[in-house]
Asker: 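Take a look at this one; I'll ask things after.
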Amino acid sequence: MISHVPKKFLHYLSLHKDCTPSLLNRASTISPEELDVTTDLKNIKIKKMVNNVLAEIHLMRGFVRLKPVGEIILYGHLKPQHDIGHTVCYFLSRRFPNTIIALGNNTRSWISFYDGSKALGSESGPLSKTVDELKELMDTPEEVEVENLWETYYWSQYCEERRNVRYHKKNMPKKYMDAAGIKVARNNNRTTLDDFS
Amino acid sequence: MVTLEKIARLASDGQFDSPGATIYDLDMMNLQKVKALGEGTKHDICASTASKRKVVDSPGGRIGDVIKAGVCHAFTPDGRCVGMFKTLFTNTCQHECKYCPNASVSHRPKSFKYTPEELAKLTLMLYRGNYVEGLFLSSGIASDEDRTMEEMLESVRLLREKYRFQGYIHLKVLPGASYEHIKQASELVDRVSINVETPSKSYMSELSSTKDYVNDILQRQKYIRHNIAKGGLPAGQTTQFIVGAAQETDKEIFDRMLSEYNEMNVKRSYFSAFCSVEGTGLENNPSQPRWRENRLYQMDWLHRIYKFENKEIEHAFDEAGFLLNKDPKLSIAINTIHSPIDPNEASKEELLRIPGIGPKSAYGILKLRNRERIWKKEQLARLGVVTKRARYFLKLNGWQYSSLGDWA
């Protein structure tokens with residue numbers, strides 16, 4: 001069957017947690033005009049699904065935090081809604097060439113490495129196990145703790161006079177913070193981000 | 001799927017291709033300094049990290065890159081984006097700006113100053129943790145602007161050359177900085193900015209007796225514009241206004257903003273509602289409501305993106321030249337749209353003037369009506385039109401909604 005839509009569109013749709021073969025089939029028959037502008041509810045739903053995947057990729061690129069193990073490994077928590085682990089991991093490996101990037105959670109992990117000309121990827125079990133294995137293979141020194149540097153800087157940017165909890169929740173929905181494993185930060189007034197949930 | 005052993009082997013071989021210098025120097029981390037110098041920039045608004053600079057892999061390796069759309073890494077509880085490591089180089093300043101806690105006339109906090117190496121490593125530690133997209137570097141002027149600019153540029157050069165940092169850098173140009181320093185900055189960073197703060201020289205003189213509005217600020221913007229024309233600064237220059245520190249009207253700020261776009265080739269203007277800070281010369285002045293900056297941003301958008309003309313925009317201001325705390329597009333629409341509009345026949349410009357219709361939904365309407373007639377508001381809703389707001393200005397299938405006081 002000849003598909004009218006770009007391959008990337010179908011690829012992102014396939015990453016959505018609720019994607020089915022029949023949805024992919026239907027998506028591949030959408031005309032370019034319909035893909036551009038549509039009022040058909042089913043096509044709108046398909047476009048929304050792709051946008052949700054793209055939104056999660058964009059947000060996870062920014063929200064995932066990386067912990068260094070020496071200078072050669074960076075690892076971080078990622079538990080996305082959609083199947084975007086490889087995509088986010090690959091993005092970060094391109095950002096940090098010659099550094100092993102490992103993202104994941106307690107069931108699944110993704111590993112990526114870019115040497116400046118080509119990228120390699122892998123998938124494995126729980127992140128903690130993957131990181132332990134990588135530490136052993138690389139014979140690296142201990143992890144480096146920079147979270148306190150970040151928290152100090154983060155709270156230095158906050159203006160109490162401009163406090164806007166609704167706006168903060170809109171920009172940093174809890175589900176994405178949880179997906180990226182962003183920990184609660186404490187300020188010197190002992191208010192925590194949990195107060196805003 | 002590749003094994004972890006293979007990845008580890010390649011990583012071991014590739015260690016010699018990395019920039020090499022050690023980044024993680026925890027002894028260098030003075031958190032009190034990070035806090036103080038970070039707080040000095042919290043009223044600087046610019047959070048954009050979008051750059052069209054092309055990042056190329058080189059044999060010596062690199063750290064980081066930029067992306068066209070930019071990335072935001074966190075939001076503070078006031079809702080603002082924390083996309084960069086935004087910091088002062090030093091919080092000591094010889095200027096006497098009454099709104100600034102670092103001014104020589106203010107009750108200043110303890111003085112701190114980074115070394116270029118310290119600043120570079122802190123930036124990289126945060127960057128590699130994926131906490132920030134790059135560096136936003138400003139400074140007080142400790143001795144003179146040339147010396148301070150030189151030290152700031154040294155930090156940037158260290159990042160770019162020694163550590164091969166290819167992430168985003170935004171550098172503040174200090175008032176009175178030399179052409180040569182601005183030229184060097186244009187070759188190294190993605191964006192520069194210098195804050196105009198006020199719409200005119202007379203308002204600036206109320207806030208600072210030491211800054212020359214024309215020579216120290218506007219002339220420097222012209223130098224920056226010149227360097228952009230020569231191909232530097234992939235993300236251009238921006239500027240910032242303080243709203244309500246002097247008694248300037250919103251119209252005066254808006255007119256100055258237009259000059260910044262037309263004459264200085266500024267990419268974007270930012271607005272920061274004046275916030276009274278204890279220990280400064282303006283501590284007894286009332287803080288301004290945040291909606292003033294929101295309404296100015298809306299006006300900026302109407303001019304820049306929607307291409308509203310000046311004679312239309314004037315309807316958003318009251319007689320005294322201030323914006324009200326209501327949607328300026330609605331105020332303009334009430335005064336300029338004289339009869340309901342049929343979306344099947346309206347031009348793009350006419351559609352954009354309807355509240356609830358933006359560039360994306362206007363595009364959708366123009367495309368859709370080539371294929372089918374628009375006859376019910378559900379079609380518009382599916383294109384992203386906010387029909388609750390747009391319906392008063394539309395005529396669908398011969399019907400028109402009446403209300404909004406029939407635009408009285």
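As the structure is a computational prediction, the values presented were derived from the model and not from experiment.
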Asker: For B:Gln166, is it the side chain, the backbone, both, or neither that has a heavy atom closer than 4.5 Å to a heavy atom of chain A?
Answerer: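 Neither part, no heavy atoms under 4.5 Å.
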Asker: Evaluate the side-chain proximity of A:Pro97 to B:Arg62: yes if any heavy-atom separation is below 4.5 Å, no if none is.
Answerer: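 Side-chain contact under 4.5 Å: yes.
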Asker: Are there residues of residues 130-139 of chain B whose heavy atoms fall under 4.5 Å of chain A's heavy atoms? If so, which?
Answerer: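 Residues in range: B:Asn130, B:Tyr131, B:Val132, B:Glu133.
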Asker: So which part of A:Glu133 gets closer than 4.5 Å to some heavy atom of chain B, the side chain, the backbone, both or neither?
Answerer: side chain
Asker: Any heavy-atom pair between the side chains of A:Tyr153 and B:Thr87 that's under 4.5 Å?
Answerer: no
Asker: With chain A as the partner, which of B:Lys367, B:Lys86, B:Glu378, B:Glu39 has the greatest number of non-hydrogen pairs under 4.5 Å?
Answerer: B:Lys86
Asker: Considering only heavy atoms, which portion of A:Tyr176 lies under 4.5 Å from any heavy atom of chain B: side chain, backbone, both, or neither?
Answerer: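 Neither part.
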Asker: Check whether B:Cys72 gets within reach of chain A through its side chain, its backbone, both or neither, counting any heavy atom under 4.5 Å.
Answerer: backbone
Asker: Taking A:Gly62's backbone N and O only, do any of them form a donor-acceptor pair with B:His73's side chain (distance below 3.5 Å, no angle check)?
Answerer: yes
Asker: Quick check on A:Tyr75 against chain B: is it the side chain, the backbone, both or neither that has a heavy atom closer than 4.5 Å?
Answerer: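 Contact with chain B: none, neither part.
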Asker: At a heavy-atom separation under 4.5 Å, does A:Asp139 approach chain B through its side chain, its backbone, both, or neither?
Answerer: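 No part of it gets close to chain B.
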Asker: I'd like to know if the side chain of B:Tyr24 reaches the main chain of A:Glu145, judged simply by a donor and an acceptor atom lying under 3.5 Å from each other, with no hydrogens or angles considered.
Answerer: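 Checked: no pair found.
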Asker: Mind ranking A:Asp36, A:Leu134, A:Asp40 by heavy-atom pairs under 4.5 Å with chain B and telling me who comes out on top?
Answerer: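 Maximum pair count with chain B is reached by A:Asp36.
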Asker: With a 3.5 Å distance limit and no angle check, can you tell me whether B:Gln379 reaches the backbone of A:Thr39 through a side-chain donor-acceptor pair?
Answerer: no
Asker: Among the options A:Gly70, A:Gly76, A:Cys159, A:Ser124, pick out the one with the most heavy-atom pairs lying under 4.5 Å from chain B.
Answerer: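 Counting heavy-atom pairs under 4.5 Å, the top option is A:Cys159.
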Asker: For B:Asp78, which atoms come within 4.5 Å of any heavy atom of chain A: side chain, backbone, both, or neither?
Answerer: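 When you check distances to chain A, atoms from both the backbone and side chain of B:Asp78 fall under 4.5 Å.
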Asker: With a 4.5 angstrom heavy-atom cut-off, which part of A:Glu136 approaches chain B: side chain, backbone, both or neither?
Answerer: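 When you check distances to chain B, no heavy atom of A:Glu136 falls under 4.5 Å.
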Asker: Give the member of A:Leu149, A:Thr130, A:Ile111, A:Leu59 that has the highest number of heavy-atom pairs under 4.5 Å with chain B.
Answerer: A:Leu149
Asker: Heavy-atom distances under 4.5 Å only: say whether A:Ile73 touches chain B with side chain, backbone, both or neither.
Answerer: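 For A:Ile73, there is no contact with chain B at all, as no heavy atom is under 4.5 Å.
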Asker: Which bit of B:Arg9 comes within less than 4.5 Å of chain A, counting heavy atoms only: side chain, backbone, both or neither?
Answerer: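 It is neither, since no heavy atom gets under 4.5 Å.
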Asker: State, with a plain yes or no, whether a side-chain heavy atom of A:Leu41 is found less than 4.5 Å away from one of B:Arg382.
Answerer: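 A side-chain contact under 4.5 Å exists here.
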Asker: Between B:Arg80 and A:Gln157, is there a donor-acceptor pair closer than 3.5 Å when you use the side chain of the first and the backbone of the second?
Answerer: yes
Asker: Among the options B:Ala74, B:Gly364, B:Ala36, pick out the one with the most heavy-atom pairs lying under 4.5 Å from chain A.
Answerer: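 Highest number of pairs under 4.5 Å: B:Ala74.
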Asker: Give the C-alpha distance, both sets of side-chain angles, the deciding distance and a yes or no for side-chain contact (heavy atoms from CB on, under 4.5 Å) between A:Thr99 and B:Arg128.
Answerer: CA-CA 10 Å; A:Thr99 307; B:Arg128 284 189 105 233; 3.3 Å; yes
Asker: Is the backbone of B:Val2 close enough, under 3.5 Å, to the side chain of A:Ser122 for a donor and an acceptor to pair up by distance?
Answerer: yes
